[in-house]
2 protein chains.
Amino acid sequence: MNAMNHDWAEASLRPNNTCPALLRGLNADEMSRVWNRFEEDCLADGEVLLRDRAEPLHIGLVLKGALREDVSVPQGGTRLFALTFAGEALSPLGPRQKGGRLSAIGDTRLLTCDHEGFADLSREIPRLQLNLFGVVQDQIEDAHRWQLLLGRKTAAERVASILAWFHMRQGTPEEMDLPVTRAELGEMSSLTLETVSRQVRALEKVGVISLPKPSQVRVLDSKALLERSCNTPILRAA
Amino acid sequence: MNAMNHDWAEASLRPNNTCPALLRGLNADEMSRVWNRFEEDCLADGEVLLRDRAEPLHIGLVLKGALREDVSVPQGGTRLFALTFAGEALSPLGPRQKGGRLSAIGDTRLLTCDHEGFADLSREIPRLQLNLFGVVQDQIEDAHRWQLLLGRKTAAERVASILAWFHMRQGTPEEMDLPVTRAELGEMSSLTLETVSRQVRALEKVGVISLPKPSQVRVLDSKALLERSCNTPILRAA
DNA sequence: CGGGATCTTGACTGTCCTCAAGTGCTGTGG
DNA sequence: CCACAGCACTTGAGGACAGTCAAGATCCCG
């Protein structure tokens, strides 16, 4: 029971997920076993999370704040690849080759567990094995969502999609913090920073969002935002 | 030992993979256990493979031929999503929502196993569990490769990439069969069929490939093909 | 040989990138 | 308190690349 009033109760208040998917359906006893096995990391803004390259499977749950993952591109240099918000799990199976770097955005707290620890735990709690598959499956689904976004959406739809997605994943607050620059939004959506800026302002002009500050977004009409994020209705018959 | 001279010995002759990744490192005894548990399906050209929607984890190994996966898009209708060539494994964790349809290209033979069967097997052969993670990890890596292709490559690079990729996965034969139309190549790469056609012809004009028939590609200079498939050397400083 | 599907090629258009010149925030030092 | 430097953001003009539409060539199969 001790586990229940621990820190991630904060995360459980978030509307976007009552409980991290990895721990779904666990009873109090199982939860406290988990609690004993996982260890808690606290990171300041910008601090880098060290993940052992050799370790194939490393579990991480973000309790507070957010993590950014930068991957190195073939030509050298890195680009922003993905964000993990509070309540979400780090991808347990990262890209094997290209080294990803995880760093905190704002003060961030997370639970981590290494491969062996998780293997031990899942022997005691078979449900964990199932939940892990769910997490991986979600990750694959996300990857496909990005493929759809990158391949078949216009600039306006990409920006609306990302804003809507971030908004939902942060628990649809009145006003959300945009934790990345226009340039980084561009890296994720494969647009230039100028195009991102133009599209964000366009959403503001039609009254879907307002921008108290460039990095703070107030979603005025989330329904319209979602509509603008979907694909162009007609694709050629191919 | 019976397993060793069975059908997939054919697949093991292919240069691209000596043994399906899922069965890597298994000894003869383990292999025959696998052999008894998996069942073999034979599909004629165009025939559809039925996969139980409710079944979350379904293992499939393509021995001969190829499978195409079509997913339904939000607006209705389907588009070609991915190909699985001989020697490769079907993605064990498919997209949950959008129903994918698997159909054969040419005469195709594959081994399948349901969830329980695989769970039983992996209790007897712990190595299978590890191999399964490798397969899923490869799948995620592929998804990221597609994201790179869709987001950051020009039309010329996309077409060269896909040709090079198919060529490698088919075992780099002198002459390869392009099992899909220009329109379907376009669906995968998010280009129009006209653009695909133009880029394929451009590769022919500069002597990287030749086209005995539109659906047969002879790779004359695979090094040049690879060079043309990589990203533009310079991306803006962001 | 004919008909339909697939592929090729051309001309034009639109979206997004590029380059360039701004504006607005934020923190720092006089 | 203000000046200013640095950074992120905005806005505009022009151009390149791929999409669209249209016409024709080629392949494939009965």
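Heavy-atom basis, side chains included; hydrogens, waters and symmetry copies ignored. First the proteins, then the strands, lettered A, B, ... as listed; each starts at 1.
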*Does CZ belonging to A:R228 count more than 12 external heavy atoms closer than 6.0 Å?*
no
_With sequence neighbours excluded, residues passing ring-ring contact (aromatic ring centres under 6.0 Å, His included) with B:F38_ = none
*Does the D:dC21 base have a donor-acceptor partner in the side chain of B:E194 within less than 3.5 Å?*
yes
*Ignoring hydrogens and geometry, is there a side-chain-to-backbone donor-acceptor pair from B:S161 to B:S229 under 3.5 Å?*
yes
*Nearest-Å distance, NZ (B:K153) to P (D:dC17)?*
18 Å
*Give the angle between the helix axes at the two ends of the helix from C:dC1-D:dG30 to C:dG30-D:dC1, taking five base pairs at each end and rounding to 10°.*
30°
_Position toward the 5' end of DNA chain D (nearest nucleotide), B:S215 or B:V196_ = B:V196
*Side chains of A:Q216 and A:D177 in contact at under 4.5 Å (non-hydrogen atoms)*: yes
_Base, sugar-phosphate or nothing for B:S190? Non-hydrogen atoms, less than 4.0 Å._
sugar-phosphate
*When you measure from every atom of DNA chain D, which of residues 197-213 of chain B have a heavy atom less than 4.0 Å away?*
B:R198, B:K213
*d(CG, A:L191; P, D:dA18) in whole Å*: 15 Å
*asked:* Tell me whether the side-chain N/O atoms of A:T195 come closer than 4.0 Å to OP1 or OP2 in C:dC16.
replied: no
*Of A:A156 and B:T181, whose closest DNA chain C nucleotide lies nearer the 5' terminus?*
B:T181
